[in-house]
There are 2 protein chains.
Amino acid sequence: MTDAIPKPWTMQQIAAAAGVSVTTVSHTLSGKRPVNPETALRIRRIIEEFGYVPDAGARRLKSGRSRMIGLAVPDISHWYFGRIARGVEEMANEADYGLIICSTSNSDPRREKRYFNLLRTRSIEGLVYTASREISPTDELMKISASASPIVLADEDIAELPGVPSVTSTNLSGAQELGRHLRELGHTRAVIIAGFAGLHSTVQRVAGIRESFPNALALHGDFEMQSGYELVSDLLAHETKFTALFACNDIMAIGAMRRLREEGLRVPEDVSVVGFDDVDMASVVTPGLTTVRQDMLEIGRRSAQLLIAGLEAGSMAGLESVSLPVQLIIRGTTGPAPRFATAV
Amino acid sequence: MTDAIPKPWTMQQIAAAAGVSVTTVSHTLSGKRPVNPETALRIRRIIEEFGYVPDAGARRLKSGRSRMIGLAVPDISHWYFGRIARGVEEMANEADYGLIICSTSNSDPRREKRYFNLLRTRSIEGLVYTASREISPTDELMKISASASPIVLADEDIAELPGVPSVTSTNLSGAQELGRHLRELGHTRAVIIAGFAGLHSTVQRVAGIRESFPNALALHGDFEMQSGYELVSDLLAHETKFTALFACNDIMAIGAMRRLREEGLRVPEDVSVVGFDDVDMASVVTPGLTTVRQDMLEIGRRSAQLLIAGLEAGSMAGLESVSLPVQLIIRGTTGPAPRFATAV
DNA sequence: GGCGGCGTGCAACACGATTTGCACAATTTC
DNA sequence: GAAATTGTGCAAATCGTGTTGCACGCCGCC
């Protein structure tokens with residue numbers, strides 16, 4: 001055991017080295033009682049020399065506060081959730097909280113339970129939760145939120161959880177703007193590649209588009225590229241006629257574009273395509289994807305802010321949900337509706 | 001305080017409700033001593049009913065083990081680091097460890113110190129560290145690794161840290177393959193958009209390319225898209241002649257392509273472009289980017305595996321660094337060298 | 001019947017940091 | 001000069017769990 005993992009110093013040892021009691025050491029650190037400046041200096045020097053840091057577990061046990069919050073995301077390797085994570089991390093750091101990120105693998109119930117247990121074991125004081133599919137009433141989330149645990153929903157609103165504040169984008173108005181944009185270009189037939197049917201955000205986006213295209217055909221996918229690709233295949237197999245395609249997120253839009261192109265259809269000359277989110281890829285594909293920009297970083301920040309505010313207040317009651325503005329980004333995938341199509 | 005944050009149950013309370021001592025409750029949970037099956041059942045029922053979960057902090061304090069590991073990444077919102085994170089998370093979960101992800105904001109020293117302190121405070125038992133820039137000898141990392149703390153380097157090898165195991169890709173052979181590929185296409189003049197000069201991975205990649213293009217011009221960027229864009233601008237401003245461009249990562253390659261295209265240069269007809277990593281964007285841009293695929297997920301997994309093995313063994317000594325194979329992915333950005341250029 | 005062994009449970013301590021009550025000295029105040 | 005105040009430090013209790021030493025009752029064995 002030449003390279004055994006080192007044991008950290010205890011306050012006891014520091015006190016012994018300085019020739020004082022642990023109380024004095026504790027007080028020099030917390031400043032809750034005056035300590036002789038001379039003694040304090042000696043103690044500080046020894047702490048510095050030893051590289052002593054108080055044990056977090058013991059501290060939490062005594063104080064009841066872990067100064068840690070959690071973030072549950074379906075898949076941290078998605079840019080989209082990565083941005084949220086970064087926002088949460090920024091705010092947490094600013095408020096001097098640590099962050100535990102939990103990848104729930106698209107809401108695998110076993111993992112989810114595990115992560116909610118972090119809340120029960122007081123490893124974390126609160127949780128920022130991002131849902132990727134609909135919430136069923138039997139969910140662990142329902143149980144834990146019913147107990148007034150400190151939870152904030154990021155990026156998704158769940159009607160079944162009335163006491164839980166949320167931070168979302170104004171999905172409806174974003175989709176409305178997209179609809180109007182397509183309308184102004186002369187489009188009359190639009191299809192929708194939607195997300196999960198039970199998600200509030202999806203419902204809102206579909207509703208927004210339908211204000212301009214009341215009877216737009218809507219197919220439901222899973223937000224992944226493959227899904228956009230396959231749903232377009234289905235549409236083509238049925239010779240469905242459309243000049244505009246709205247995907248509920250950019251990734252599906254990009255998958256859809258690929259399939260359209262394989263079919264010999266040009267974007268935007270034959271079909272205009274729009275997405276939602278403005279992920280990093282959206283500006284990189286050619287032509288650039290017309291979409292709606294959500295500020296995921298800000299969603300993360302505000303969620304953390306809300307959660308921490310609740311923690312400091314000792315209660316989540318009275319926290320108001322936030323809805324952030326979105327921005328229409330017009331790039332190259334939208335153009336005037338082709339003549340022949342409007343004539344069909 | 002109608003919605004005050006609820007206090008969890010203590011083992012004490014469970015014991016009282018079951019009419020036994022805490023010892024008996026503890027033993028029914030741990031199984032370290034036999035408990036009357038009848039009593040055990042009663043206790044288990046009450047635990048279930050109350051939703052009791054043992055306090056993690058107290059447990060750690062007593063056992064000395066937190067069953068948590070940390071992951072430090074420069075920016076969690078990058079797909080690249082997100083993949084690593086997911087791999088680490090998968091393995092950690094499998095081994096029943098929790099994961100704390102720390103975004104170091106491109107190695108902001110203040111944050112880094114904060115995260116290394118997680119190690120010192122025993123909040124985490126070990127750390128998977130991914131570096132984004134060179135390590136200077138004064139770094140906090142040097143200090144902490146000198147104390148034989150449980151650390152594994154993911155995605156980067158640091159020569160100055162001899163005792164710290166690492167998990168990397170075979171950067172050299174990947175770059176060699178790229179070089180040979182370009183050579184076979186008839187290219188003779190290549191430029192290199194490199195990464196940070198102090199990174200081992202960058203050094204290896206540049207060396208690999210130079211085996212085929214001994215005097216390739218090398219410019220250093222920061223791995224971001226903007227940097228690829230700007231360095232190509234510099235090259236163009238000097239009317240530098242080249243028919244092949246190697247970027248040390250895909251993102252810079254994509255930035256470079258954008259600038260080339262703005263200049264009216266076609267990819268791959270006028271200039272062949274290759275990247276490194278095979279990020280998700282690489283297959284989405286048109287034409288698809290020829291690159292070298294690294295298995296970031298596996299890098300994450302193996303790093304976590306290595307770290308956890310060290311933790312279970314009680315020592316990091318004797319753990320061997322891992323080098324994972326890479327794969328050449330030929331897409332549309334590479335083609336035969338143009339005639340006129342080879343004649344220059 | 002005495003003895004050892006086994007099953008079962010309890011009281012008490014340990015983990016490391018914080019906090020409270022108390023003691024002792026030095027100083028100030030009337 | 002006695003009393004009150006302030007500064008400084010210690011011992012001990014506390015947080016919730018895990019573990020150890022010990023006790024009690026029951027069985028079987030000689």
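First the proteins, then the strands, lettered A, B, ... as listed; each starts at 1. This is a predicted model, so every value here is computed, not measured.
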Rounded off to whole Å, could you give me the [atom1]-to-[atom2] distance for the [X] and [N] pair?
| X | N | atom1 | atom2 | answer |
| --- | --- | --- | --- | --- |
| B:R65 | C:dG16 | CZ | P | 16 Å |
| B:R60 | C:dG16 | CZ | P | 9 Å |
| A:E38 | D:dG9 | CD | P | 9 Å |
| B:M11 | C:dG9 | CE | P | 15 Å |
| A:D55 | D:dC15 | CG | P | 18 Å |
| B:L61 | C:dA17 | CG | P | 9 Å |
| B:Q12 | D:dT17 | CD | P | 9 Å |
| A:L29 | D:dG9 | CG | P | 14 Å |

Legend entry - Nearest heavy atoms of B:G310 and B:M316, plus distance in Å: CA-SD, 3.7 Å
Does [X] put a side-chain nitrogen or oxygen below 4.0 Å from OP1 or OP2 of [N]?
| X | N | answer |
| --- | --- | --- |
| A:Y52 | C:dG16 | no |
| B:T39 | C:dG9 | yes |
| A:K32 | C:dT19 | yes |
| A:R59 | C:dT18 | yes |
| B:T24 | C:dG9 | no |

Inset, instruction - Give the nucleotide from the list D:dT14, C:dC15, C:dG16 with an atom nearest to the side chain of B:K62. - result: C:dC15
Inset, instruction - Compare the minimum distances between each of D:dT19, C:dG16, D:dA11 and the side chain of A:T23, then state the nucleotide with the smallest one. - result: D:dA11
Legend entry - is_close_aromatic(B:Y129, B:Y115), centroid dist under 6.0 Å: no
Legend entry - Aromatic centroids of B:Y52 and B:W9 separated by under 6.0 Å: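 For B:W9 and B:Y52, the ring centres are not under 6.0 Å apart.
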Legend entry - No-hydrogen, no-angle side-chain donor-acceptor test under 3.5 Å, A:D157 and A:S166: yes
Inset, instruction - Answer with yes or no whether the side chains of A:R120 and A:N117 bring together a donor and an acceptor at under 3.5 Å. - result: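 A:N117 vs A:R120: donor-acceptor pair found between side chains.
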When we call it a touch if two heavy atoms are under 4.0 Å apart, what does [X] touch: a base, just sugar-phosphate, or nothing?
| X | result |
| --- | --- |
| A:T10 | sugar-phosphate |
| B:V20 | sugar-phosphate |
| B:V35 | sugar-phosphate |
| B:S30 | nothing |

Inset, instruction - Kindly say whether, by distance alone, the side chain of A:S63 makes a donor-acceptor pair under 3.5 Å with the base of C:dA17? - result: no
Inset, instruction - Classify the side chain of A:R33 versus the base of D:dG9 as yes if they form a donor-acceptor pair under 3.5 Å and no if they do not. - result: yes
Legend entry - B:S123 and B:T121: CA distance, side-chain angles, deciding distance, side-chain hydrogen bond (donor to acceptor under 3.5 Å, both in side chains) verdict: CA-CA 5 Å; B:S123 290; B:T121 62; 3.1 Å; yes
